[in-house]
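Quick notes on the structure that follows.
Residues: numbered from 1 along the sequence shown.
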Amino acid sequence: MNDSGQGAGSTAGSKRKDARRNQQTLLEAAAAVFVASGVEAPVRDIAAEAGVGMGTIYRHFPTRADLIIAVYRHQVDACAEAGPALLATSPSPHAALGQWVDQFVDFLATKHGLAAAMQADNAGFETLHAYFLDRLLPVCTQLLDAATAAGEIHTGLDAYQLMRGVGNLCIGAENDPHYDARPLVALLITGLRTGH
């Protein structure tokens, strides 16, 4: 292979890397705007948060539904990847579980309005829900199992129950500025601890 071939290959690789980074930036900006203003927030707000033009957003995500789905999947993936990282870096499995549940609550905040936005596409919503369960249940199970094995929490609670309970505590928080689910979620996680 000659030098010009290597240069062309690395340039294409750099462009793909830049495109992934740009898309990542767009998804993070959209998630932040969705948390603050809901999924019906104007695209111009997302463009401003990302520091790009509106055309860039439409080039990556031709419809609002495309953007919402991409943000949802991005947030699920980030939450799934956080679990093992937190287990490796936290002082204890219970601490890792608490930090992960905080991120899960953040995810639930970005997700508000998704059901309404996807109302016309029930199959698409079911696919996303299955993706959510497939990615997050194993991570939550891993965290619960580690905390149980360390003797830090009571046994017998499964990941689905915990995630459902946290989700139920978060219901309606996006529509009520006087309600913050975090103290109740923290109390729930603290209540899992054994008497040690």
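Here the CG atom belonging to Leu26 is positioned 9.5 Å from the CZ atom belonging to Arg59, to the nearest 0.5 angstrom. With values rounded to the nearest 0.5 angstrom, Gln24 atom CD is found 4.5 Å from His74 atom NE2. Taking CZ of Phe34 as the reference point, atom CD1 of Ile68 lies at 5.0 Å (rounded to 0.5 Å). Rounding to the nearest 0.5 angstrom, the gap separating the CE atom in Met163 from the CG atom in Asp158 is 10.5 Å. Separation of atoms OG1 (Thr56) and CD1 (Ile46) is listed at 13.0 Å; rounding is to 0.5 Å. Summarising the geometry, atom CG belonging to Leu133 is positioned 11.0 Å from atom CG belonging to Leu128; distances are rounded to the nearest 0.5 Å.
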Check your understanding: Can you list the steps and then say if Val101 with Leu188 is a side chain to side chain contact (heavy atoms under 4.5 Å, CB included)?
Key -> CA-CA 10 Å; Val101 168; Leu188 171 64; over 6 Å; no
Decide yes or no on side chain to side chain contact (heavy atoms under 4.5 Å, CB included) for Glu40 and Arg64, but give the supporting numbers first.
-> CA-CA 8 Å; Glu40 294 302 321; Arg64 180 176 295 276; 4.1 Å; yes
**Asked** Would Asp77 and Tyr72 count as a side-chain hydrogen bond (donor to acceptor under 3.5 Å, both in side chains) if you check the C-alpha gap in whole Å, the side-chain angles of each, and the deciding distance to 0.1 Å?
**Response** CA-CA 9 Å; Asp77 291 341; Tyr72 182 88; over 6 Å; no
Assess the residue pair Glu152 and Thr194 against the criterion (side-chain hydrogen bond (donor to acceptor under 3.5 Å, both in side chains)); give the C-alpha distance rounded to whole Å, side-chain angles, the decisive distance to 0.1 Å, and a yes or no.
CA-CA 6 Å; Glu152 294 180 319; Thr194 59; over 6 Å; no
TODO: Check the pair Asp66 / His60 against side chain to side chain contact (heavy atoms under 4.5 Å, CB included), numbers first and verdict last.
DONE: CA-CA 9 Å; Asp66 293 334; His60 287 279; over 6 Å; no
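A ring-ring contact (aromatic ring centres under 6.0 Å, His included) check over residues 161-182, counting only residues at least two apart or in different chains, returns nothing.
Donor-acceptor pairing under 3.5 Å is recorded for the side chains of Gln99 and Ser90.
The minimum heavy-atom distance linking Pro84 with Gln142 is given by the pair CG-OE1, 3.8 Å. A pairwise comparison of heavy atoms in Thr141 and Ala159 identifies OG1-CB, 3.2 Å as the closest pair. The shortest non-hydrogen separation linking Phe61 to Ala70 is CE2-CB, 3.4 Å. Annotation for His154 and Gly191: closest pair CD2-O, 4.0 Å, computed over non-hydrogen atoms. Scanning both residues, Ala85 and Thr89, for their nearest heavy atoms gives O-OG1, 3.0 Å. Shortest non-hydrogen contact noted between Ala80 and Val139 is O-CG2, 3.4 Å.
A heavy-atom distance below 4.5 Å is not found between the side chains of Asn22 and Val52. Asp102 places none of its side-chain heavy atoms less than 4.5 Å from the side chain of Asp106. Between Leu192 and Ile189 the shortest side-chain heavy-atom distance falls below 4.5 Å. Between Tyr131 and Ile69, every side-chain heavy-atom pair lies at or beyond the 4.5 Å cut-off.
Connection of Met54 to Val39 is established within a shared hydrophobic cluster, with ILVMFWY side chains joined at heavy-atom distances below 4.5 Å, either directly or through further cluster members. Connection of Ile171 to Phe104 is not established within any shared hydrophobic cluster, with ILVMFWY side chains joined at heavy-atom distances below 4.5 Å, either directly or through further cluster members. Under a hydrophobic clustering in which Ile, Leu, Val, Met, Phe, Trp and Tyr are joined whenever their side-chain heavy atoms come within less than 4.5 Å, directly or via other members, Leu87 and Leu157 fall into the same cluster.
Checking side-chain atoms of Arg135 against main-chain N and O of Glu81 turns up no donor-acceptor pair under 3.5 Å. A distance-only check finds no donor-acceptor pair linking the side chain of His94 to the backbone of Ile153 [under 3.5 Å]. Under a 3.5 Å cut-off, the side chain of Thr148 and the backbone N or O of Leu144 do form a donor-acceptor pair. The backbone N or O of Cys79 lies less than 3.5 Å from no partner atom in the side chain of Gln103, so there is not a single donor-acceptor pair.
Annotation: ring-ring contact (aromatic ring centres under 6.0 Å, His included) contacts of His129 (sequence neighbours excluded): Phe132.
Taking a 6.0 Å sphere around CZ of Arg44, one finds it holds 12 or fewer heavy atoms contributed by other residues, nucleotides or ligands.
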